[in-house]
A.B. asks: 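Below is a structure I'd like to ask you about.
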Amino acid sequence: MRKLLFASLIRPPLTERPPSPDDAALDELGRAFVRISRERLGRSLSIRAIDAGSCNGCELEIHALANAFYDIERFGIRFVASPRHADVLMVTGPVTKNMGEALKRTYEATPNPKWVIAVGDCGRDGGCFAASPAVMGGVDAVVPVDLHIAGCPPTPTDMLKGLIALLATMTGKA
Amino acid sequence: MSTLDDLLRGGRPASHHAPWPRVTVDRAAWDAAIEQLAGGHLTLLGLWPDAATVHMALLDEPAQAVGVISLACDGGRYPSVARLHPPALRLERALRDLSGLIPDGLPDTRPWLDHGQWGPNPEPPDYAFLPCEGEGLHQVAVGPVHAGIIEPGHFRFTVNGETVVRLEQRLGYTHKGTEALMAGADLATGARLAGRVSGDSTVAYALAFARAVEAALGVIAPPRAVFLRALMAEWERLANHLGDIGAVCNDASFVLMQAHCAILRERMLRVAADAFGHRLMRDRIVPGGVTADLDAAAGQAMRELVADIRRRFPALVELYENTASLQDRTVTAGMLGPELARQYGAGGYVGRASGRPFDSRRALAYPPYDRLAFDVPVFPEGDVNARVWVRIREVEQSLALVEEIVDRLPRGTLRADLPQPGEPREGMALVEGFRGDVLVWLRLGADGRIARCSLRDPSWFQWPLLEAAIKGNIVADFPLCNKSFNCSYSGHDL
Ligand code: SF4
C-alpha cells in the first residue's frame, strides 16, 4: 500500500490526464514567473502571508497554491514563517482595528526592499465590511500597497498572475 | 412535559417567531433556566443582546426541542448565565463589549472582543492573563500573527518544561462588526455578509441566514432549491473534511497524506466552480432559494468525482490507520472528555468525537435531511484520532448523500418570492456546517430590512474546550490538537 502511494507521489500527479487548458495556462504562468523572477530578482521569492482580519476565504485559496495542481514552490515561490525572511507580504482581509497594530509591526519587521500585496476585495478597500467602525479599511489604510489582487476570494490562478504582475514592476526598490 | 416546555409555558410568546417559540420571561424563570443549564438538563445554543433585551436559545436534547427565552434588562443589567454555567462566559463578555448590557455576577469581566481600539474602551487595556504560580513554570506567548497561513489570535501557554499547564486564548482580532453592519441592511446585503462570516463555511452560513429569513416570512424554498442547497452544503463539508484530514496529518509531520487530501479537495473546488460558478460556492444561496442551477453535465461531473474519491479514499484511510508514527501522535493526544463536550454543547466533530451525538441535520431534521438516509458517526475516545475518524466517516456519509441528492434532484423553480412582512417578524435557523451547528437569529422590520441579526458560530463552544484538551500535552503537540479542532477565528470574532 505504502509503495503504491509513494509511487503515485513520485509520478507527476496529473499526467494521467491530458492537461486541460487550465493546466496549460497555469504552466505558462509559472514559466513566465520563473523568467521574470530570474531577471528581476536573480533568485526565488519569499512570501509572508498575514491575515489582518479576513473571513478566512482568502487564506483557503492561498493554501491551495501549495497543492499538487499549482505547487508554486516549483516556480521558486516560498511561503516563509517569519516576516524577517520575506520579500513580499501578502495581506488579506479588511484590516480590523484590532489587527492594525500587529500588521504595522509585521511590516516594520520585514527587511527592505519589501513589497505588499493586498489580497481580495476586502484587502482593496475593506470590501463589504468597509462601513464598519471596527474596520480601518483596505490594507493601504495601514501599510503602503504595491499591488492588489481582486476577487472574493481570488482564485489561486489569480494570485499567481498577481505575483507575476508584481515581479514585472520590481525595479528601482531593489 | 419536557424541561423546555415548562419554561416556555410560563412566558409571554413573541407574536411572530418561527419555527421555534420565543417567550419573554421574568427574572425567576430566567434564573430557573440557568439552573437547568447548570444541572445539565438543557444545552445553551446561543445568547445575544437586542437593544435592552437579552435572548437565550436553549436546546432540550432528549425532547429534540428548541426555544428562546428573553429577559428585559432592568437598568441595563441582567443575571449572568456564566455565573453558574461557564459555557456562556465568552458570549457574555462579548455581549457586554458590544451592547453595554451588564451581566450581573459575570465571573470574568475582562473585555473580550473589545481590544480598546473601538467602542467604549478608549485605551488599549492592559490585558491581564490568568495567573499561574508554581516552581519552574514559564510562559510562551504566541500570536496574534502566526507562523503559518492561518487566522490571527493569541495563545498564552504556561508550561512546565515541555508540558502545557495552562493555555489561555485571547481572541477578537478579526472582529469586523458584522452584526452591526447587518442592522438596517437589506436582505441581499445581509446574505452577502452572512456568507462572509467564516469563509470555509460560506455555504452553511448563507443557508442558515436564508432559512432564518424564510422562517420569519413564512416562505418555503422550492424543492429543487432545497436539494441544491443540501448538495452545496455536503460538498462544502466534504472539501473541508478532506482538507482537515490532510492538515491534521501534516501537523503530525506526515506530509504524504496532506498532499493526497489536498488534491482531492482541489478537484472538488474545481468541480464546484464549473457547477455553480464559484470554487467555494459563495453567494449561491439566498433567501427564497438559490441563484445557481445544476445542469446535467455538472451533475455528472459531481457524480464522477464522488465515484473517484470513493475509489481513492479507502487507501488513504488505510494509510492513516497503518502508519505507526502517525497513530503515535494522534492517539490519546488532546483528550476531551464527554462531560465537557456535553456541558458546552460542543457541535461537529469536536462533540461527536467525545460521545455527543448531536447533529442538527438529524436532531432537527430540516429539509431535505428528513428525506435522506445518512448515519451520524460518533466516537467516544475524545482524542485527536477520534476527531480524525469522525471526519473520515462523515466523508463517507457525505459522498453517499451527494449521490442521493444528485439522483433525486427535483425539477422546478429555484427561488420563491419574498413578501413584504408589513410588521416585525422574527426567524431563526440551525444549520449543520462542517464544523458544527451554525445558529442565525434575526428580526425583520415591517419594511423587510434586517432590524437585528445574530450569528453564532460553533467555535464559541469549541474554543474553550481546546484550552481543556491541551492541558498536560506537550507544546509541540499544540498545532496538531489545534488543527483537530480547527475552530474559526473570524466566525467567532464576527
Ligand atoms: S475578499 Fe472575500 S474571501 Fe477574502 S477576506 Fe474578504 S470576504 Fe473573505
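Reckoned from all heavy atoms, side chains included, excluding hydrogens, waters and symmetry mates. Nothing here was measured: the structure is a model prediction, and the numbers come from that model. Naming: A, B, ... by sequence-line order, numbering from 1 per chain.
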A.B. asks: Identify whether the distance between the nearest side-chain nitrogen and carboxylate oxygen of B/Asp200 and B/Arg435 falls below 4.0 Å.
C.D. replies: yes

A.B. asks: Surrounding CZ of B/Arg156 (heavy atoms of other residues, nucleotides or ligands, distance under 6.0 Å), is the total greater than 12?
C.D. replies: yes

A.B. asks: Would you sort out whether B/Phe254 and B/Leu319 count as a side chain to side chain contact (heavy atoms under 4.5 Å, CB included), showing the intermediate values?
C.D. replies: CA-CA 11 Å; B/Phe254 194 68; B/Leu319 180 66; 3.9 Å; yes

A.B. asks: Taking NZ, NE, NH1 and NH2 as the nitrogens, is one of them in B/Asp283 or B/Arg196 under 4.0 Å from a carboxylate oxygen of the other?
C.D. replies: yes

A.B. asks: Please state whether the side chain, the backbone, both or neither of A/Arg105 comes within less than 4.5 Å of a heavy atom of chain B.
C.D. replies: neither

A.B. asks: Less than 4.5 Å to any heavy atom of chain A: does that hold for the side chain of B/Arg279, its backbone, both, or neither?
C.D. replies: side chain

A.B. asks: Can you check whether B/Ala94's main-chain N or O pairs, donor with acceptor, with B/Arg96's side chain at less than 3.5 Å?
C.D. replies: no

A.B. asks: Considering only heavy atoms, give the residues of residues 486-494 of chain B separated from chain A by less than 4.5 Å, sorted numerically, with 'none' for an empty result.
C.D. replies: B/Ser488, B/Ser490

A.B. asks: When you look at CD of A/Glu28, are more than 12 heavy atoms from neighbouring residues, nucleotides or ligands closer to it than 6.0 Å?
C.D. replies: no

A.B. asks: Can you tell which part of A/Ser82 gets under 4.5 Å to a heavy atom of chain B, answering side chain, backbone, both or neither?
C.D. replies: neither

A.B. asks: Name the region of B/Ile149, side chain, backbone, both or neither, that has any atom closer than 4.5 Å to a heavy atom of chain A.
C.D. replies: both

A.B. asks: Go through it in stages, so that I can follow the logic: the residues are B/Asp274 and B/Arg270, the test is salt bridge (charged side-chain N to carboxylate O under 4.0 Å, His left out), and I'd like the CA-CA distance, side-chain angles, deciding distance and then a yes or no.
C.D. replies: CA-CA 6 Å; B/Asp274 287 342; B/Arg270 290 179 172 207; over 6 Å; no

A.B. asks: Are B/Phe478 and B/Phe155 an aromatic pair by the rule of ring centers under 6.0 Å?
C.D. replies: yes

A.B. asks: Heavy-atom distances under 4.5 Å only: say whether B/Leu113 touches chain A with side chain, backbone, both or neither.
C.D. replies: backbone

A.B. asks: Between A/Val80, A/Thr155, A/Asn67, which shows the greatest number of heavy-atom pairs under 4.5 Å with chain B?
C.D. replies: A/Asn67

A.B. asks: May I ask you to say whether B/Asp308 pairs ionically with B/Arg312, meaning some side-chain N is under 4.0 Å from a carboxylate O?
C.D. replies: yes

A.B. asks: Could you tell me whether a side-chain N or O of B/Arg265 sits under 3.5 Å from a main-chain N or O of B/Gly243, the two making a donor and an acceptor?
C.D. replies: no

A.B. asks: For chain A, which residues from residues 180-193 of chain B lie under 4.5 Å away (heavy-atom distances)?
C.D. replies: B/Leu181, B/Leu193

A.B. asks: Report yes or no: is the cationic atom of A/Arg48 (NZ for Lys, CZ for Arg) closer than 6.0 Å to the six-membered ring centre of A/Phe79, at no more than 45° off its axis?
C.D. replies: no

A.B. asks: Could you tell me which residues in residues 84-96 of chain A have at least one non-hydrogen atom under 4.5 Å from a non-hydrogen atom of chain B, sorted by residue number?
C.D. replies: A/Pro94, A/Thr96

A.B. asks: Taking every heavy-atom pair that is under 4.5 Å apart, which of A/Gly53, A/Gly57, A/Ala49 has the most such pairs with chain B?
C.D. replies: A/Gly53

A.B. asks: Which atoms of B/His146 come close to chain A, meaning under 4.5 Å heavy atom to heavy atom: side chain ones, backbone ones, both, or neither?
C.D. replies: backbone

A.B. asks: Compare all side-chain heavy atoms of B/Ile245 with those of B/Met257 and state whether any distance is below 4.5 angstrom.
C.D. replies: yes

A.B. asks: Has A/Lys104 got a side-chain atom pairing as donor or acceptor with A/Gly100's backbone, closer than 3.5 angstrom?
C.D. replies: no

A.B. asks: A/Asn56 side chain to B/Ser198 main-chain N or O, any donor-acceptor pair under 3.5 Å?
C.D. replies: no

A.B. asks: Calculate, to the nearest 0.5 Å, the distance between atoms CG and CD belonging to A/Leu65 and B/Glu266 respectively.
C.D. replies: 9.5 Å

A.B. asks: Based on non-hydrogen pairs under 4.5 Å, which of A/Pro133, A/Pro153, A/Ala64, A/Ala52 is most in contact with chain B?
C.D. replies: A/Pro153

A.B. asks: Can you say whether A/Cys122 sits under 4.5 Å from chain B via the side chain, the backbone, both, or neither, judging by heavy atoms?
C.D. replies: neither

A.B. asks: Could you go through B/His154 and B/Tyr127, starting from their C-alpha distance and side-chain angles, then the distance that decides it, and tell me whether this counts as ring-ring contact (aromatic ring centres under 6.0 Å, His included)?
C.D. replies: CA-CA 12 Å; B/His154 183 90; B/Tyr127 194 82; 8.6 Å; no

A.B. asks: Please list, chain by chain and in numerical order, all residues satisfying side-chain contact (heavy atoms from CB on, under 4.5 Å) with A/Ile36, sequence neighbours excluded.
C.D. replies: A/Arg40, A/Ile164, A/Leu167

A.B. asks: Do side-chain atoms of B/Glu236 reach the backbone of B/Ala204 as a donor and acceptor pair under 3.5 angstrom?
C.D. replies: yes

A.B. asks: Under 4.5 Å heavy-atom distance to chain B, tell me which part of A/Glu101 shows up: side chain, backbone, both or neither.
C.D. replies: neither

